Amino acid sequence: MVFSTTSSHSNILHILPTSDHHPPYDLLQHHPSLLLLSKCKSIQTLKQIHSHIIKTGLHNTPFAQSKLIHFSAVSPFRDLSYALSVFESVDQPNQIMWNTIIRGHSLSPSPISSLQVYDRMLKSGVEPNSYTFPFLFKSCAKARASREGKQVHAHVLKLGFVSHAHIHTSLITMYAQIGELDNARMVFDSNTLRDVVSFTALISGYFSERYVDDARQLFDEIPVKDVVSWNAMIAGYVQSGLFEEAISCFSEMQKANVTPNQSTLVTLLSACAHSGSLELGKWVSSWIKEHGLSSDLQLTIALVDMYSKCGEIDTARELFDGIIEKNVISWNVMIGGYSHMSLYKEALALFQLMLRSNIKPSEVTFLAILPACAHLGALDLGKWIHAYIYKNFKNISNISLWTSLIDMYAKCGCIEVAAQVFRSMRYRNSASWNAMISGLAMHGHAEKALELFSEMTNEGLQPDDITFVGILSACTQAGLVDVGHQYFKSMIQDYEIKPKLQHYGCMIDLLARAGMFEEAKNLMKNMEMEPDRAIWGSLLNACKVHGHIEFGEYVADRLFELEPENPGAYVLVSNMYARAGRWDDVAKIRTSLNDRGMKKVPGCTSIEIDSFVHEFLVGDKFHPQSKNIYRMLDEVDKLLEASGFVPDTSEVLYDMDEEWKEGALSQHSEKLAIAFGLISTKPGTTLRIVKNLRVCGNCHSATKLISKIYNREIIARDRNRFHHFKDGVCSCNDYW
DNA sequence: ATAGGGTTAG
């Protein structure tokens with residue numbers, strides 16, 4: 001079918017001589033087969049055209065040969081082994097064919113082999129030209145082959161090619177990319193040939209080695225700056241995280257009357273997205289409209305990213321919906337935008353829509369959606385993704401992808417599967433270790449987390465501040481005061497990591513929960529930053545547990561100062577008074593809450609049944625199965641009562657009066673989710689629930705009993721950690 | 001009929 005137009009011409013060309021006398025150039029250029037070659041878009045069509053070329057006898061012409069080699073060696077659909085087979089069939093390849101094959105190798109997974117081709121080229125008596133060396137330097141740069149690069153450099157000097165602009169610049173680029181900035185600079189200085197291009201090459205090198213000031217200095221020396229050099233500056237600043245500088249560089253560029261191009265805008269939008277600069281983002285957006293670039297896909301996607309990261313998720317969605325031909329990247333950006341804004345359900349919904357639209361997800365899709373699965377506890381979907389990755393990306397060693405899976409499994413309550421994924425990884429980075437260590441910590445497996453820490457350091461990996469957050473929280477969950485202290489010291493002394501607020505938070509929590517209030521206070525005095533609400537909150541919680549009312553009141557005042565509008569602090573204090581039986585104070589707190597019109601964050605528990613995440617609030621009656629759920633709840637309460645369960649009323653009073661009247665205790669969101677789980681799954685199935693707040697003491701006791709009465713394993717994630725309920729006991733040993 | 005600099009939209 002592809003050749004239907006060629007048959008009428010083939011008669012004419014048959015009269016052309018084929019071997020010794022090549023047909024004239026202009027005739028060949030317009031030969032249908034060779035014209036087709038230029039339009040070819042896949043290796044399959046290329047092969048078909050090739051066989052057609054052989055039939056017409058054109059395969060012996062250097063023109064056809066170099067065209068074939070070109071398309072099979074360096075085009076986007078290249079197939080180097082095919083190119084080599086064509087190349088080997090040529091008797092005496094010319095300079096262009098050799099160069100093309102060398103370039104083909106530079107684009108291949110083993111670019112260094114282009115040097116062997118170069119060797120063969122020289123031995124066959126074909127001279128290199130100014131085209132040859134840039135390809136070779138690109139290969140050396142890609143292979144980080146410093147020694148080989150220098151050998152070729154010596155060749156260039158010997159053959160007198162140094163002053164060729166292309167060779168000069170590619171040499172600078174090579175040294176810059178290998179990280180030998182001094183050599184790059186030497187090449188740059190060794191020549192009077194200093195055009196914008198070579199300047200820009202060196203500037204990018206400086207940026208990649210974080211020599212921002214050198215880059216700027218060099219940039220100021222460029223006599224006539226062009227768009228690319230400005231873009232390199234802006235992109236360099238963005239890469240270095242210097243968004244302010246990137247933005248001011250852009251205004252300089254405009255003062256210099258250089259018109260931005262698409263890359264400028266994309267880079268700028270990325271800077272806005274990372275720094276949250278909505279104002280500039282909007283400005284770029286209107287610039288794009290004014291210049292009629294609104295239909296540009298890349299720009300639109302960059303805008304979607306910018307708007308979603310700057311908090312205007314609805315604007316982002318409108319733009320996304322307006323894209324007529326959505327590609328994977330557009331979906332990824334929008335899904336990632338939702339995840340980034342903690343709109344996990346929306347992320348999940350969009351992902352489902354993507355699948356229904358028959359868009360094949362990419363690795364990045366999963367990097368965007370897995371955190372959403374992790375937060376929602378959407379294990380079924382997470383498992384599906386795992387299977388999909390295993391099938392489609394097994395050979396891609398994307399460490400982040402496997403690390404995201406570890407995190408997802410851990411946060412969905414499957415710590416064993418998380419460990420399996422971790423063990424099956426061929427390569428791990430410190431993020432992978434961190435994910436596993438904090439996963440174990442969340443599940444209260446302190447010993448295993450500590451074991452993993454030594455394994456990590458034994459393998460020569462440097463633990464970072466995140467590793468220690470995992471380790472310290474493992475100690476906190478398990479109440480390992482001394483061990484925690486040792487690691488805290490070791491972090492500072494052996495690993496020279498300055499403790500951050502989070503580390504202090506873990507330690508203060510650890511000490512206070514163990515009743516060591518003096519030590520906790522001392523640590524707070526000695527830290528160089530102000531305690532945040534998490535620290536005061538954990539102190540207040542410890543005061544509640546240990547009945548330290550006086551200190552608790554002091555702590556509560558600090559919390560009120562810090563966040564006067566946060567009802568959470570009032571709830572905690574109310575809890576403390578309730579625990580101590582001081583009901584008058586409880587009432588006072590409640591009145592002041594009501595007077596201020598504050599409502600506590602509603603407790604919300606989700607459970608995934610058949611790949612669908614169901615959410616429940618306290619006393620929720622919106623679920624379609626509500627009647628059945630409440631019938632089950634009644635049964636549960638009766639059985640609980642029958643086995644001697646007495647509700648602990650001290651913890652219920654932090655809820656509003658109305659809820660109390662309705663029996664808020666038995667209608668806590670976690671109990672609704674459990675009741676729904678019991679009626680929606682087969683006997684014996686493990687129930688996994690996720691709660692947005694800490695589980696209350698009453699529900700904790702109730703759930704322990706339910707696990708025994710109904711013979712179910714119940715894995716519950718609360719704000720802080722996991723609780724595995726089984727046979728009437730919880731993995732946290734009632735310490736949380 | 002082949003080349004040099006920046007990015008890449010995640």
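Keep in mind the model is a prediction, meaning the values are calculated, not measured. Letters A, B, ... mirror the listed sequences (proteins, then strands); counts begin at 1.
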Next item on the list: Check whether the side chains of A:Asn332 and A:Thr365 place a donor and an acceptor atom closer than 3.5 Å, and report yes or no.
Entry: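 Side-chain D/A pair, A:Asn332 to A:Thr365: present.
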Choosing from [options], which nucleotide comes nearest the side chain of [X]?
{"X": "A:Ala165", "options": "B:dG4, B:dT7, B:dT2", "answer": "B:dG4"}
{"X": "A:Val197", "options": "B:dG10, B:dG6, B:dG5", "answer": "B:dG5"}
{"X": "A:Tyr131", "options": "B:dA1, B:dG10, B:dT2", "answer": "B:dT2"}
{"X": "A:Asp305", "options": "B:dA1, B:dG10, B:dT7", "answer": "B:dG10"}
{"X": "A:Ile329", "options": "B:dT2, B:dA1, B:dG10", "answer": "B:dG10"}
{"X": "A:Asn129", "options": "B:dG4, B:dT2, B:dG6", "answer": "B:dT2"}
{"X": "A:Val196", "options": "B:dT2, B:dG6, B:dG5", "answer": "B:dG5"}
{"X": "A:Thr169", "options": "B:dG4, B:dA1, B:dA9", "answer": "B:dG4"}
{"X": "A:Val364", "options": "B:dG4, B:dT2, B:dG10", "answer": "B:dG10"}
{"X": "A:Ile96", "options": "B:dA1, B:dA9, B:dG4", "answer": "B:dA1"}

Item checked: Lys/Arg cation over aromatic A:Phe77: A:Lys41, 6.0 Å, 45° cone ->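 Ring-cation test returns no.
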Rounded to whole angstrom units, what separation is found between the [atom1] atom of [X] and the [atom2] atom of [N]?
{"X": "A:Arg194", "N": "B:dG4", "atom1": "CZ", "atom2": "C1'", "result": "17 Å"}
{"X": "A:Met253", "N": "B:dT7", "atom1": "CE", "atom2": "C1'", "result": "13 Å"}
{"X": "A:Trp230", "N": "B:dG6", "atom1": "CH2", "atom2": "P", "result": "18 Å"}
{"X": "A:His340", "N": "B:dG10", "atom1": "NE2", "atom2": "C1'", "result": "13 Å"}
{"X": "A:Phe71", "N": "B:dA1", "atom1": "CZ", "atom2": "P", "result": "10 Å"}

Under 3.5 Å, is there any donor-acceptor pair linking the side chain of [X] to the base of [N]?
{"X": "A:Ser229", "N": "B:dG5", "answer": "no"}
{"X": "A:Ser198", "N": "B:dG4", "answer": "no"}
{"X": "A:Asp195", "N": "B:dG4", "answer": "yes"}
{"X": "A:Thr200", "N": "B:dG5", "answer": "yes"}
{"X": "A:Asp226", "N": "B:dG5", "answer": "yes"}

Next item on the list: Measure the acute angle between the ring planes of A:His164 and A:Phe161, then classify it against the limits of 30° and 60° as parallel, tilted or perpendicular.
Entry: tilted
Notebook entry, point to check: Going by the angle between their ring planes, with limits at 30° and 60°, are A:Phe250 and A:Trp283 parallel, tilted or perpendicular?
Noted result: perpendicular
Look at [X] and [N] and indicate whether a side-chain polar atom (N or O) is within less than 4.0 Å of OP1 or OP2.
{"X": "A:Gln298", "N": "B:dT7", "answer": "no"}
{"X": "A:Lys225", "N": "B:dG5", "answer": "no"}
{"X": "A:Lys309", "N": "B:dG10", "answer": "no"}

Sugar-phosphate only, base, or nothing, as touched by [X] at under 4.0 Å among non-hydrogen atoms:
{"X": "A:Thr132", "answer": "nothing"}
{"X": "A:Val333", "answer": "sugar-phosphate"}
{"X": "A:Ser362", "answer": "base"}
{"X": "A:Asn261", "answer": "base"}

Notebook entry, point to check: Does a salt bridge link A:Glu312 with A:Arg317, judged by any charged N lying under 4.0 Å from a carboxylate O?
Noted result: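 Answer for the salt bridge query: no.
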Next item on the list: Indicate yes or no: does A:Arg185 engage A:Asp214 in a salt bridge with an N to O separation below 4.0 Å.
Entry: no
